[in-house]
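Here is the structure we will look at.
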Amino acid sequence: MELDSLYQEVILDHYKRPHHKGLMADASKQVVQVHHVNPSCGDEVTLNLVVSDDRVEEISWDGVGCSISQASTSIMSDLVQGRTLTQAFEVLDSFSELMASKGTVVGDEGLLEDAVALAGVSKFPARVKCALLGWMAFKDAALQGKEGEKS
Amino acid sequence: MTLLDVQSIKADFPIFNKKMRNDARLVYLDSGATSHKPLQVLNAEREFYTLHNAAVHRGSHLLAEEASAAYEGAREKVAHFLGAAADDVVFTKSATESLNLLAYSFSNTNRGQFALAAGDEILVSEMEHHANLIPWQQLAKRTGAKLRWFGTTTEGRLDLSNIDELITERTKIVAITHQSNVLGTVNPVTDIARKAHACGAIVVLDACQSAPHFEIDVNSLGVDFLAFSGHKALAPTGVGVLWGRAELLAEMEPFLFGGSMIESVTMEAATWAPAPRKFEAGVPNMAQAVGLGAAVEYLTSIGMEKIHAHEKALTEHALQGLQNISGLTLIGPQSTIDRGGVLSFSLEEIHPHDVGQVLDQYGIAVRTGHHCAWPLMRKFGVSGTTRASFYIYNDLADVDALIDGIAATKKYFKVL
């Protein structure tokens with residue numbers, strides 16, 4: 001069924017047992033918090049990010065949403081945790097490209113790991129924004145963190 | 001059961017020839033968002049362009065005369081549909097525009113009953129569509145008036161227990177939905193209007209989910225204004241209706257200014273044409289209005305009472321089916337009493353988007369999300385619901401397809 005290209009087993013696994021879900025509460029750290037919503041469906045994600053020396057030291061999130069948005073945020077968190085912001089943005093760019101591909105790209109598994117399972121989402125235009133919700137929240141938080149460092 | 005002859009109705013709707021994903025037939029359960037259009041409507045629109053197209057109310061040529069007659073003829077048909085006089089029917093581009101027209105018109109004046117100020121109150125309800133909430137929020141903001149609202153009971157009815165506290169001498173406007181687009185609840189409009197009028201308030205009715213589905217008579221409803229959209233009532237997009245009491249329309253200031261809506265213009269000032277023209281600035285959406293005329297004629301030819309009975313039978317069948325599904329929570333009235341054919345539900349932990357996606361594999365079109373009623377979603381503690389809504393082209397087999405589709409959805413997400 002066409003549906004199986006959307007709901008791969010690995011996506012359902014992340015949905016059932018999301019990684020990095022539950023906001024960390026370490027007051028000693030400089031946390032950037034962002035809140036993103038998908039206005040068309042009401043899905044929400046709150047994301048906490050700790051960056052030190054240009055590296056993602058800790059990422060955590062909470063939110064409500066469909067299997068795609070929840071799994072995608074879980075996968076994204078795994079991918080950026082511990083990476084430098086440059087590396088994380090490389091992954092993000094690659095994922096954004098995959099989502100915009102309308103099903104024509106399979107994705108770089110070496111770079112995207114579990115996120116290639118979301119390739120099928122790009123064939124369902126209405127769901128692309130679900131897959132991108134957490135990633136855009138991360139991007140926002142990372143950029144805000146950078147701004148904060150400069151000022 | 002008093003069902004319509006759906007097979008012959010469907011023959012008027014070309015969209016049902018379309019094959020959906022996996023070659024499934026179309027099971028369209030999203031008429032609450034927009035309805036499909038019968039050939040009679042499409043042909044009326046096409047005929048306007050192919051035979052009569054001209055700017056209405058101007059020009060001295062034959063086409064202008066015919067276009068004006070077609071446009072005004074549509075107004076008469078809509079008026080007849082509502083039990084109203086033609087001059088009290090204003091064509092807008094949408095119900096959203098109709099409601100904004102009121103809210104802006106009311107703030108374009110500083111005199112009489114439309115003028116609002118600090119100390120005045122506008123009353124809405126928690127079950128309003130954003131289109132009948134935000135224009136009033138903004139009007140309150142512009143004028144200093146206070147926005148108040150009826151709550152919702154756990155069954156999804158309006159909470160009228162504090163109505164005497166809510167409708168007082170301070171209440172200037174009561175804007176309320178006839179039928180909730182999420183819950184299907186039909187509100188006791190006439191009772192509310194009576195109380196509101198006793199306090200001198202103006203009553204605005206959002207009839208988007210009612211006018212296409214059951215008989216409306218503006219006189220017996222007892223409201224002052226009524227808005228509905230064409231596209232939910234078999235008509236094209238781009239045309240909406242605002243009905244208002246003649247004496248109020250006469251008093252109101254216009255909202256949009258420009259051509260067609262004037263009586264006389266100098267470089268310094270202008271005066272307005274009488275209603276409805278004063279509210280129809282610019283060349284209107286003529287072909288769409290003509291399409292709406294054909295649509296209400298089509299509905300009337302079937303009979304609004306029969307349509308209501310048909311949808312009630314479908315709703316009865318759907319309620320039974322849905323209530324038997326374990327893990328399914330129906331949000332809204334659990335019986336067909338004072339409720340229409342709009343059914344919202346949650347399905348265990350499966351997100352509405354995921355439910356909708358699986359149903360789509362079977363050709364079943366439902367609405368998922370917050371249905372432009374975010375405050376109501378918060379009230380029921382959900383981020384969204386899955387919503388099925390019925391119309392004249394749905395039959396019992398469509399309801400059964402939904403029930404089977406939900407079972408398939410549960411099976412697909414068995415892992416959860």
Side-chain angles (χ1 to χ4, degrees), chain A residues 1-18 21 35-47 61-75 99 102-103 114 117-134 137, chain B residues 19-24 30 33 129-131 133-134 181-182 331 344 346-387 405-406 408-416:
Chain A
M1 193 148 91
E2 195 184 5
L3 210 53
D4 297 334
S5 71
L6 183 65
Y7 296 114
Q8 304 230 347
E9 210 58 43
V10 60
I11 294 176
L12 296 174
D13 284 345
H14 274 277
Y15 182 38
K16 271 187 297 178
R17 287 176 291 275
K21 191 170 178 178
H35 179 73
H36 278 217
V37 299
N38 183 341
S40 69
C41 62
D43 287 0
E44 303 184 39
V45 62
T46 304
L47 188 141
W61 60 280
D62 206 349
V64 289
C66 62
S67 58
I68 303 298
S69 77
Q70 300 288 289
S72 189
T73 306
S74 170
I75 292 168
M99 286 302 101
K102 297 188 170 74
D114 276 1
L118 289 154
V121 175
S122 70
K123 286 185 284 187
F124 295 85
R127 303 305 293 273
V128 168
K129 62 187 185 316
C130 310
L132 286 173
L133 181 67
Chain B
K19 286 281 175 229
M20 304 303 288
R21 292 186 203 277
N22 306 315
D23 266 347
D30 200 16
H129 186 283
H130 295 166
L133 169 62
I134 305 172
N181 71 310
V182 176
I331 295 170
S344 269
S346 301
L347 188 62
E348 290 176 356
E349 295 304 305
I350 310 174
H351 190 277
H353 256 186
D354 295 321
V355 176
Q357 195 80 56
V358 179
L359 293 178
D360 182 51
Q361 293 297 309
Y362 299 96
I364 305 167
V366 292
R367 173 81 191 267
T368 60
H370 56 58
H371 316 293
C372 299
W374 218 332
L376 191 63
M377 296 295 111
R378 292 205 178 92
K379 165 85 181 190
F380 283 94
V382 292
S383 68
T385 68
T386 305
R387 180 189 75 180
I406 294 169
T409 306
K410 283 177 66 178
K411 205 172 157 199
Y412 192 83
F413 287 105
K414 63 184 182 298
V415 286
L416 297 181

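Order of the sequence lines fixes the chain letters, A, B, ..., with proteins taken first and strands second; residue numbering starts at 1 for each chain.
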* Asked: Looking only at heavy atoms, which two atoms of B/Ser383 and A/Gly42 are closest? And how far apart?
  -> CB-O, 4.3 Å
* By salt bridge (Lys or Arg N to Asp or Glu O under 4.0 Å), which residues pair with A/Asp114, not counting sequence neighbours? -> none
* Asked: Of all residues at least two apart in sequence or in a different chain, which pass the salt bridge (Lys or Arg N to Asp or Glu O under 4.0 Å) check with B/Asp354?
  -> A/Arg127
* Heavy-atom pair count under 4.5 Å with chain B, highest-scoring of A/Gly65, A/Ser40, A/Cys130 ->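 Looking at each of A/Gly65, A/Ser40, A/Cys130 in turn, A/Gly65 comes out on top.
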[atom1]-[atom2] distance between [X] and [Y], expressed to the nearest 0.5 angstrom:
X	Y	atom1	atom2	result
A/Leu3	B/Tyr362	CG	OH	8.0 Å
B/Gln357	A/Tyr7	CD	OH	4.5 Å
A/Asn38	B/His370	CG	NE2	8.0 Å

* Whether B/His353 side chain and A/Ser67 backbone form a donor-acceptor pair below 3.5 Å -> no
* Can you name the residues of residues 371-380 of chain B that have some heavy atom under 4.5 Å away from a heavy atom in chain A? ->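 The residues closer than 4.5 Å to chain A, in numerical order, are B/Trp374.
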* Proximity breakdown for A/Asp13 and chain B, heavy-atom pairs closer than 4.5 Å -> neither
* Asked: Partners of A/His35 by ring pair (Phe, Tyr, Trp, His ring centres under 6.0 Å), sequence neighbours excluded?
  -> none
